[in-house]
Amino acid sequence: MSRRQVVGGLGAVAAAVATPALAEGGQGTAAPMEDPTTKYPKPPYPAQSQPWPGLASRMNPRPDHGETSYKGSGRLAGRKALITGGDSGMGRAAAIAYAREGADVAINYFPSEEPDAREVLELIRKEGRKGIGIPGDLRSEAFCTTLVAEAISGLGGLDILVSNAGRQQTHASILEISTEEFDWTMKTNIYAPFWIIKAALPHLKPGATIIATTSEQAYDPSPDLYDYAQTKAATMNYVKSLAKQLGPKGIRVNGVAPGPIWTPLQVSGGATQKKLVQFGGQTPLGRAGQPAELASIYVQLAASDASYANGQVYGSAGGSGQP
Ligand code: NAD
Ligand code: MG
């Protein structure tokens with residue numbers, strides 16, 4: 001997918017309002033329509049597995065995070081953002097989009113994800129924005145506190161917190177889930193956001209936003225994701241309670257609920273090989289989504305023109321997920 005195709009795709013929607021950004025590159029021609037059913041690879045996908053947490057750069061096909069397609073228009077000019085799991089998947093798509101919208105971006109990732117993170121930081125810096133990499137294990141409260149402090153000192157403040165990192169491992173039976181494994185999932189998906197938000201809150205000013213990545217699993221859990229799915233329900237729930245708690249302070253809290261998206265999480269224990277090969281095939285669009293297809297949602301929720309969006313969960317699941 002070329003940048004021109006995507007810019008053109010946006011043009012089709014926005015042509016009626018003739019924005020200056022489009023006038024620049026659009027030459028007044030109609031943008032090509034894009035069929036969402038054929039825009040990206042469809043199942044069957046090649047069977048593949050990687051040791052956790054996996055690398056996007058080793059996936060086949062490589063996920064699209066908007067590297068060559070996302071075009072910004074200054075929607076987040078001067079904002080300072082921290083994104084957990086910013087090396088790959090939805091976090092990477094958000095990081096690229098934020099930088100292209102004019103934000104400085106700090107990303108956190110697990111230390112073994114350095115190769116993916118380096119690619120993202122390079123893309124951020126290519127936009128002339130500050131890109132800060134802060135590796136570390138989110139299961140540690142001490143690290144979560146340090147992460148926020150380092151992001152704030154590196155960026156010179158914090159306006160947007162994207163709590164996106166997550167752990168998902170498939171287990172056919174609850175009997176296969178050890179206490180250690182259960183704890184790992186809870187620490188990553190529930191405790192880390194709690195620790196990070198607590199550390200960040202004293203620094204957030206009116207206009208700041210918190211965005212959490214929940215899942216369609218919060219609403220319609222799969223039988224093999226007993227522990228993971230309940231953490232996503234908890235995420236959906238904290239979005240709604242914190243929105244009520246922080247709304248009066250002018251801080252908005254929202255969530256994104258993806259459906260089946262082609263990311264390292266799925267090839268490093270998140271899905272069975274059987275599920276992976278047919279991933280997303282059951283959706284009305286007949287394929288898995290790509291992280292790039294969700295980037296604009298993270299931008300929208302962070303942008304100040306979404307100022308009445310608070311306690312909302314925006315879905316993107318190809319037609320069959322919730323909300
Ligand atoms: P991903 O593997 O690209 O991202 C997950 C990231 O979490 C990793 O890159 C890693 O940096 C981070 N992480 C996990 N454990 C960590 C730890 N202990 N310390 C530091 N970092 C850690 O996959 P993704 O699918 O983009 O996942 C992003 C979010 O999207 C997750 O919260 C996931 O639950 C959610 N989600 C994914 C899907 C999907 O189908 N891929 C669907 C719904 C929701
Ligand atoms: Mg990763």
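Atoms within each ligand, like the ligands themselves, are counted from 1 in listed order. Bear in mind the structure is a predicted one, so any value in this text is a computation, not a measurement.
- Considering V256, L138, T84 only, the shortest heavy-atom separation from atom 19 (N) of ligand 1 involves L138.
- A salt bridge links R92 with E119: the closest approach of a Lys/Arg side-chain nitrogen to an acidic carboxylate oxygen falls below 4.0 angstrom.
- Contact annotation: Q266 has at least one heavy atom less than 4.0 Å from an atom of ligand 1.
- Put simply, CZ on R118 and CG on D116 are 10.5 Å apart, with the number rounded to the nearest 0.5 Å.
- Proximity annotation for atom 20 (C) of ligand 1: of G136, G289, S140, G136 comes nearest, heavy atoms only.
- No side-chain donor-acceptor contact under 3.5 Å links N108 and T84.
- Distances below 4.0 Å separate heavy atoms of G89 from the following atoms of ligand 1: 3 (O), 26 (O).
- Each of the following atoms of ligand 1 lies closer than 4.0 Å to a heavy atom of P260: 40 (O).
- Rounded to the nearest 10 degrees, the angle OG (S88) to the Mg ion (ligand 2) to OD2 (D87) equals 90°.
- The residue from N164, T213, T231 that puts a heavy atom closest to atom 32 (O) of ligand 1 is N164.
- W262 does not carry R287 over the face of its six-membered ring by the limits of under 6.0 Å from the centre and within 45° of the normal.
- Per-residue contacts place G259 under 4.0 angstrom from the following atoms of ligand 1 (heavy atoms of the residue considered): 38 (C), 39 (C), 40 (O), 42 (C), 43 (C).
- Taking every non-hydrogen atom of P264 and a distance limit under 4.0 Å, the qualifying atoms of ligand 1 come out as 2 (O), 3 (O).
- With hydrogens and angles disregarded, no donor-acceptor distance shorter than 3.5 Å links the side chain of Q273 to the backbone of A47.
- Within the 4.5 Å cutoff, the side chain of Y238 has heavy atoms near those of the I197 side chain.
- Near T214, with a cut-off below 4.0 Å to any heavy atom, the atoms of ligand 1 are 43 (C), 44 (C).
- Coordination check, T263 versus the Mg ion (ligand 2): failed, since every N/O/S atom of the residue sits at 2.8 Å or beyond.
- Contact detail for G86 and A95: the closest heavy-atom pair is O-CB, 4.3 Å.
- None of the N, O or S atoms belonging to D116 lies under 2.8 Å away from the Mg ion (ligand 2).
- With sequence neighbours excluded, the residues forming a side-chain hydrogen bond (donor to acceptor under 3.5 Å, both in side chains) with T231 are N189, listed by chain and number.
- Close approach of ligand 1 to D137 (heavy-atom distance below 4.0 Å) involves ligand atoms 17 (C), 18 (N), 19 (N).
- Short contacts between ligand 1 and S88, defined as distances under 4.0 Å to a heavy atom of the residue, involve ligand atoms 1 (P), 2 (O), 3 (O), 4 (O), 9 (O).
- Taking every non-hydrogen atom of E113 and a distance limit under 4.0 Å, the qualifying atoms of ligand 1 come out as 8 (C), 9 (O), 10 (C), 11 (O).
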